[in-house]
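All remarks here apply to the structure that follows.
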Amino acid sequence: MKTITMEPLPREFYSRDTLVVAKDLLGKYLIRHLNDENIVAKIVEVEAYRGSDDPASHAYKGQTPRNQLMFGKAGFSYVYFTYGKHYCLNVTTEKEGIPGAVLIRAIEIMDGLELARRNRKANSLVNLSNGPGKLTEALNITKIHNGLDLTERNELFIRHSEIDRSHEITVSRRIGIKAGSEKLWRFYIKDSTFVSKL
DNA sequence: GAGAAGATCTCCT
DNA sequence: GGAGATCTTCTCA
């Protein structure tokens with residue numbers, strides 16, 4: 001039985017305007033294959049980061065070894081380490097040569113909860129994955145997952161959900177940045193309890 | 001080679 | 001609500 005919704009999202013999904021991709025990623029399923037098990041998680045909160053028009057972006061001042069994936073093909077993972085403790089998971093966007101990425105800020109784990117709990121101790125279900133550093137820990141995502149092609153059935157990819165129910169999207173300022181904080185480039189599913197901050 | 005800042009989380013008050 | 005943890009990356013010399 002092969003249903004189209006089980007396939008990874010194609011390259012064309014990602015190689016569009018970063019703001020459009022960010023909004024479209026809400027409600028999609030993030031699949032993490034680990035130890036012959038799967039964690040399936042719904043994306044509920046994202047932020048868009050672009051290039052020379054976005055002072056908060058890693059790509060603002062041009063290409064460096066770290067941010068080169070943002071300038072490359074769309075549909076790849078961009079994982080970076082920050083604050084000496086945390087990894088953050090992004091997906092690259094825009095056509096090749098144009099920098100862009102979407103930061104996954106919060107997810108709701110639908111399946112594979114046991115495995116996620118083994119990866120990250122949390123005092124509540126919500127606290128397991130309601131922040132960018134938390135969800136990477138729950139999914140055991142580190143720098144070795146930087147640069148994976150998300151359009152293939154890798155150990156990490158994104159697909160449609162079985163039931164693409166409509167959801168209301170809330171728009172807000174991005175979190176944890178100084179420059180560029182006036183831009184309304186953070187998007188989340190309105191009624192989700194897994195959102196990192198209201 | 002040194003120094004500063006950072007797309008965060010946890011613990012403490 | 002605020003500070004500390006902790007280390008990578010970038011900039012400048």
Side-chain angles (χ1 to χ4, degrees), chain A residues 14 17-26 30 41 43-72 74-94 98-109 116-148 150 156 158 169-189 192-198:
Chain A
Y14 298 102
D17 183 274
T18 307
L19 299 178
V20 175
V21 177
K23 277 180 271 195
D24 272 6
L25 276 173
L26 291 176
L30 181 65
I43 298 171
V44 300
E45 178 183 346
V46 296
E47 281 178 2
Y49 288 88
R50 298 211 296 203
S52 55
D53 64 337
D54 182 6
S57 171
H58 289 167
Y60 181 57
K61 292 178 180 172
Q63 196 167 344
T64 67
R66 174 172 72 158
N67 69 23
Q68 60 176 329
L69 279 156
M70 290 182 70
F71 291 80
F76 283 81
S77 61
Y78 168 44
V79 180
Y80 66 87
F81 188 69
T82 191
Y83 293 109
K85 275 187 167 53
H86 306 289
Y87 293 99
C88 290
L89 172 65
N90 299 248
V91 301
T92 62
T93 59
E94 307 280 353
I98 302 173
V102 175
L103 170 69
I104 315 277
R105 284 194 56 90
I107 58 177
E108 175 179 357
I109 295 179
R117 281 192 187 282
R118 257 177 277 152
N119 292 330
R120 171 179 162 79
K121 299 266 184 290
N123 54 10
S124 73
L125 177 62
V126 166
N127 195 32
L128 194 57
S129 61
N130 65 337
K134 298 178 186 179
L135 70 91
T136 52
E137 191 180 348
L139 299 189
N140 192 23
I141 290 170
T142 69
K143 60 185 173 186
I144 68 169
H145 302 100
N146 191 31
L148 289 180
L150 300 175
L156 186 68
I158 300 171
I169 295 175
T170 301
V171 176
S172 84
R173 296 151 78 99
R174 291 176 293 181
I175 307 286
I177 56 170
K178 296 189 182 110
S181 62
E182 75 287 350
K183 292 186 191 308
L184 300 175
W185 286 1
R186 172 173 175 254
F187 310 99
Y188 60 88
I189 294 180
S192 175
T193 55
F194 287 80
V195 166
S196 64
K197 196 175 172 218
L198 293 177

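Convention: sequence-line order gives letters A, B, ...; per-chain numbering from 1. Below, each value reflects all heavy atoms present in this structure, side chains not excepted, and no hydrogens, waters or symmetry copies. As the structure is a prediction and not an experimental result, all values here were calculated from the model.
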Examine distances only and state if a side-chain atom of A:Asp54 and a backbone atom of A:Tyr60 form a donor-acceptor pair shorter than 3.5 Å.
no

To the nearest angstrom, the OH-P distance between A:Tyr60 and C:dC10 comes to 17 Å

Might you point out which heavy atoms bring A:Val195 and A:Arg186 nearest each other, and give the distance in Å?
CG1-NH2, 3.5 Å

Could you provide the dot-bracket string of DNA chain C, using ( ) for intrastrand pairs, [ ] for crossing pairs and | for bases paired to another strand, with Watson-Crick or G-U pairs below 3.5 Å?
|||||.||||||.

Sugar-phosphate or base contact per nucleotide [nucleotides 1-13 of chain B; S, B, -; heavy atom under 4.0 Å]
-----BBBSS---

Let me confirm one number: the CD1-CD distance from A:Ile189 to A:Glu45, rounded to the nearest 0.5 Å.
10.0 Å

Quick one: closest heavy-atom pair of A:Pro132 and A:Cys88, and the distance?
CB-SG, 4.1 Å

Heavy-atom pair with the smallest gap, counting every atom of A:Leu89 and A:Ser77
CD1-CB, 4.2 Å

When rounded to whole Å, the NZ to P distance for the pair A:Lys143 and C:dT8 reads 6 Å

Sub-3.5 Å donor-acceptor pair from the side chain of A:Asn146 to the main-chain atoms of A:Val79, do we have one?
yes

Stepwise, does the side-chain contact (heavy atoms from CB on, under 4.5 Å) test hold for A:Leu25 with A:Phe187?
CA-CA 10 Å; A:Leu25 276 173; A:Phe187 310 99; over 6 Å; no

Under 3.5 Å, is there a donor-acceptor pair between the side chain of A:Ser57 and the main chain of A:Arg50?
yes

